[in-house]
Colleague: 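Can you read through this structure? Questions will come right after.
Within every chain, numbering begins at 1; the chains are lettered A, B, ... in the order of the sequence lines, protein sequences first and strands thereafter.
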Number of protein chains: 2
Amino acid sequence: MTDIEKTLENKGVRPTAMRILIYKYLAEKEVAIALTDMENAFSKADRTTLYRTLKTFEEKRIVHQIDDGTNISKYALCEPGCNCEMEQDLHLHFHCDNCDETVCLTEHKIPHINLPDGYVAENANLVIKGICDKCSGQ
Amino acid sequence: MTDIEKTLENKGVRPTAMRILIYKYLAEKEVAIALTDMENAFSKADRTTLYRTLKTFEEKRIVHQIDDGTNISKYALCEPGCNCEMEQDLHLHFHCDNCDETVCLTEHKIPHINLPDGYVAENANLVIKGICDKCSGQ
DNA sequence: TGTTTCATGCAACGGAAGTGCAATTATTGC
DNA sequence: GCAATAATTGCACTTCCGTTGCATGAAACA
C-alpha cells in the first residue's frame with residue numbers, strides 16, 4: 001500500500017486506480033488545475049469521472065477549490081494538515097495574466113479583516129493578479 | 001443635460017437612452033449586478049446590448065467587475081474619482097451565502113501584500129464570504 | 001454466492017459568455 | 001436638409017463549463 005493510497009484512505013475515499021492517478025497528477029503539478037486541464041491530461045478518462053473525483057476530493061479536504069477570477073474553477077492539493085475552512089489556513093493565490101496559470105502562495109495567509117457590524121465572515125478568497133516569477137524573470 | 005449624461009460623456013461614452021437607464025439601475029442598486037439580473041430588470045432590452053453596455057462601462061471605468069466566487073461576473077458602479085486599477089482603490093467585496101448578494105465594502109481597502117521575488121502585482125481581488133448584516137440581523 | 005454499495009462512463013441539459021451580421025439610430029460633412 | 005459614415009442595438013447562433021440522470025461495472029460485505 002503506497003503513501004498515496006494511505007492518504008486517500010485516511011481522508012475517507014477509496015483509493016481506486018483512477019483516483020490515485022488523479023492525485024499523482026495534482027501532486028506533481030505546481031499550479032492550480034482546471035477540469036479542462038485534467039481532460040487533456042487523461043484523454044482516456046471520462047469528463048464526469050474527473051469532475052466527480054475533484055468534487056469528492058474537495059469534500060474530503062484533499063484539494064481546495066480556487067477561484068482566480070477567470071470564472072473557471074481550479075483545484076490544488078491541500079497542504080498536509082490543512083483545514084481549508086479555518087482562517088489560519090486561508091492562503092492567497094496568484095494568477096499570472098501572461099501564462100494564465102494560478103499558484104498557491106501557501107506561506108502568505110490572508111490578513112484578518114474587521115468587517116462592519118452585522119457581517120459574519122466564514123471564508124475568504126484573495127487573488128493577486130499580475131506577472132509571475134517565471135514570466136517576469138525573462 | 002442631466003448629471004448622468006454628463007458623467008457618461010466625461011467617461012467617453014455616448015449617453016444613449018439605454019445606457020442612461022442602465023446607469024440609473026446600477027446607481028440605485030446597492031448590490032453587485034449580474035447580467036442575468038439586468039435581463040430580468042430590462043425585459044424589453046436584448047441581452048447582447050446589456051452585455052456590451054456593461055463591457056463598455058467597464059472599459060471606461062464606469063463600473064468594475066466583481067468576481068465573488070460564484071463563477072458569475074457581477075458589476076457595480078465605481079466610486080466617484082475611483083481608478084479601479086490603482087492599489088488604493090481596491091476595496092474588498094462581501095458575498096452573503098444566505099441571500100446570495102454581493103456588496104462593495106468600499107471603505108475597506110485590500111491590505112498591501114509583499115509577494116515573493118519575481119512576482120509583480122497588478123490587481124487584486126478579495127472576497128469575504130459569510131452572512132451579511134441583513135441576513136444575520138434577524 | 002448473492003446482495004449491496006460505490007465508482008465509472010455515456011448522454012444530455014442548462015446557464016453564462018461571447019461573436020457575426022443585419023438593422024436601426026445617431027453623428028458628421030457637405 | 002441630405003447623403004455618407006460611424007456607433008449602437010437586436011437577433012441568431014456558437015462555445016465552453018458545470019452539472020445531473022441513468023445504466024453499467026467493480027469492489028466490499030454478509
Side-chain angles (χ1 to χ4, degrees), chain A residues 1-2 4-5 7-26 32-60 62-75 95 100-102, chain B residues 1-2 4-5 8-25 32-60 62-75 95 100-102:
Chain A
M1 192 157 170
T2 69
I4 293 181
E5 288 178 72
T7 305
L8 294 180
E9 289 224 327
N10 286 339
K11 298 276 191 170
V13 305
R14 283 219 299 241
T16 66
M18 192 76 246
R19 287 172 173 170
I20 292 168
L21 279 176
I22 291 173
Y23 189 97
K24 272 188 193 162
Y25 179 75
L26 288 165
I33 303 297
L35 181 58
T36 312
D37 299 329
M38 300 261 293
E39 276 187 80
N40 296 334
F42 297 90
S43 47
K44 296 161 297 184
D46 187 77
R47 233 173 101 67
T48 315
T49 305
L50 301 169
Y51 171 75
R52 284 202 253 244
T53 302
L54 285 174
K55 284 290 168 195
T56 304
F57 279 11
E58 187 189 3
E59 205 175 301
K60 302 293 186 179
I62 295 168
V63 301
H64 57 281
Q65 189 184 14
I66 300 164
D67 171 40
D68 62 7
T70 58
N71 280 355
I72 297 171
S73 292
K74 294 180 182 168
Y75 300 85
H95 176 80
D100 203 43
E101 287 188 339
T102 300
Chain B
M1 194 159 171
T2 69
I4 293 179
E5 289 178 68
L8 293 179
E9 288 223 326
N10 285 340
K11 297 278 193 172
V13 306
R14 283 220 298 241
T16 66
M18 193 74 245
R19 283 170 176 171
I20 292 168
L21 278 176
I22 292 172
Y23 188 97
K24 272 187 193 162
Y25 179 75
I33 302 296
L35 182 56
T36 311
D37 300 329
M38 300 261 291
E39 276 186 79
N40 296 333
F42 297 89
S43 47
K44 298 161 295 186
D46 188 77
R47 239 197 47 247
T48 316
T49 305
L50 301 170
Y51 171 75
R52 286 201 252 245
T53 302
L54 286 173
K55 285 289 168 197
T56 305
F57 280 10
E58 187 188 4
E59 206 175 300
K60 303 294 186 178
I62 296 169
V63 302
H64 58 280
Q65 190 185 15
I66 300 164
D67 172 42
D68 62 6
T70 58
N71 278 358
I72 297 173
S73 293
K74 294 180 182 168
Y75 300 86
H95 176 80
D100 202 43
E101 288 190 340
T102 301

Colleague: Rounding to a whole Å, what distance do you find between B/Asp46:CG and C/dG18:P?
Modeller: 16 Å
Colleague: Are any side-chain N or O atoms of B/Arg19 and backbone N or O atoms of B/Arg14, one a donor and one an acceptor, separated by less than 3.5 Å?
Modeller: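 Checking the backbone N and O of B/Arg14 against the side chain of B/Arg19, a donor-acceptor pair under 3.5 Å is found.
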Colleague: What is the separation between atom CG on B/Asn40 and atom C1' on C/dG15, rounded to the nearest whole Å?
Modeller: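 Interatomic distance, CG of B/Asn40 to C1' of C/dG15: 13 Å.
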Colleague: Over all heavy atoms of both residues, which pair between B/Tyr75 and B/Glu58 is shortest? Give the atoms and the distance, please.
Modeller: CE2-OE1, 3.9 Å
Colleague: What is the separation between atom CD1 on B/Ile72 and atom C1' on D/dT19, rounded to the nearest whole Å?
Modeller: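 Value for this atom pair: 13 Å.
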Colleague: Can you tell me if the side-chain N/O atoms of A/Lys55 get under 4.0 Å from OP1 or OP2 in D/dG18?
Modeller: no
Colleague: Are OP1 or OP2 of C/dA7 and a side-chain N or O of A/Thr49 less than 4.0 angstrom apart?
Modeller: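 Answer no for this pair, as no side-chain N or O of A/Thr49 is under 4.0 Å from OP1 or OP2.
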Colleague: Checking all strands, does A/Lys44 fall into the base, sugar-phosphate, or nothing category for heavy-atom contacts under 4.0 angstrom?
Modeller: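 Nothing, no nucleic acid heavy atom in range.
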Colleague: Is there side-chain contact between A/Thr53 and A/Thr56, with at least one heavy-atom pair below 4.5 Å?
Modeller: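 No, too far: nothing below the 4.5 Å cut-off.
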Colleague: Which is true for A/Arg19 with a 4.0 Å heavy-atom rule: it touches a base, it touches only sugar-phosphate, or it touches nothing?
Modeller: sugar-phosphate
Colleague: I'd like to know if the side chain of B/Asn40 reaches the main chain of B/Asp37, judged simply by a donor and an acceptor atom lying under 3.5 Å from each other, with no hydrogens or angles considered.
Modeller: no
Colleague: Give A/Arg47 one of three labels, base, sugar-phosphate or nothing, depending on what nucleic acid heavy atoms sit under 4.0 Å from its own.
Modeller: base
Colleague: CE of B/Met38 versus P of D/dG10: gap in Å, rounded?
Modeller: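 Taking atom P of D/dG10 as the reference, CE of B/Met38 is at 12 Å.
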Colleague: When you match B/Arg14 and B/Thr36 each to their closest nucleotide on DNA chain C, which lands nearer the 5' end?
Modeller: B/Thr36
Colleague: Quick one: A/Leu35 CG to D/dT20 P, roughly how many Å, whole number?
Modeller: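 The answer, rounded to whole Å, is 14 Å.
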Colleague: Please confirm whether the shortest side-chain N or O distance from B/Tyr51 to OP1 or OP2 of C/dG18 is below 4.0 Å.
Modeller: yes
Colleague: Base, sugar-phosphate or nothing for B/Thr48? Non-hydrogen atoms, less than 4.0 Å.
Modeller: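 It contacts base atoms.
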Colleague: From the options A/Asp68, A/Asp67, A/Ile66, select the one residue that forms a side-chain contact (heavy atoms from CB on, under 4.5 Å) with A/His95.
Modeller: A/Asp68
Colleague: Tell me: CG of B/Asn71 to C1' of C/dG14, nearest whole Å?
Modeller: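 So the CG-C1' distance, B/Asn71 to C/dG14, works out to 15 Å.
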Colleague: Rounding to an integer number of Å, can you tell me how far A/Arg52 CZ sits from D/dT24 C1'?
Modeller: 13 Å
Colleague: Would you indicate, yes or no, if D/dT9 has its OP1 or OP2 atom less than 4.0 angstrom from a side-chain nitrogen or oxygen of B/Thr16?
Modeller: yes
Colleague: Rounded to whole angstroms, how far apart are CE on A/Met18 and P on D/dA26?
Modeller: 15 Å
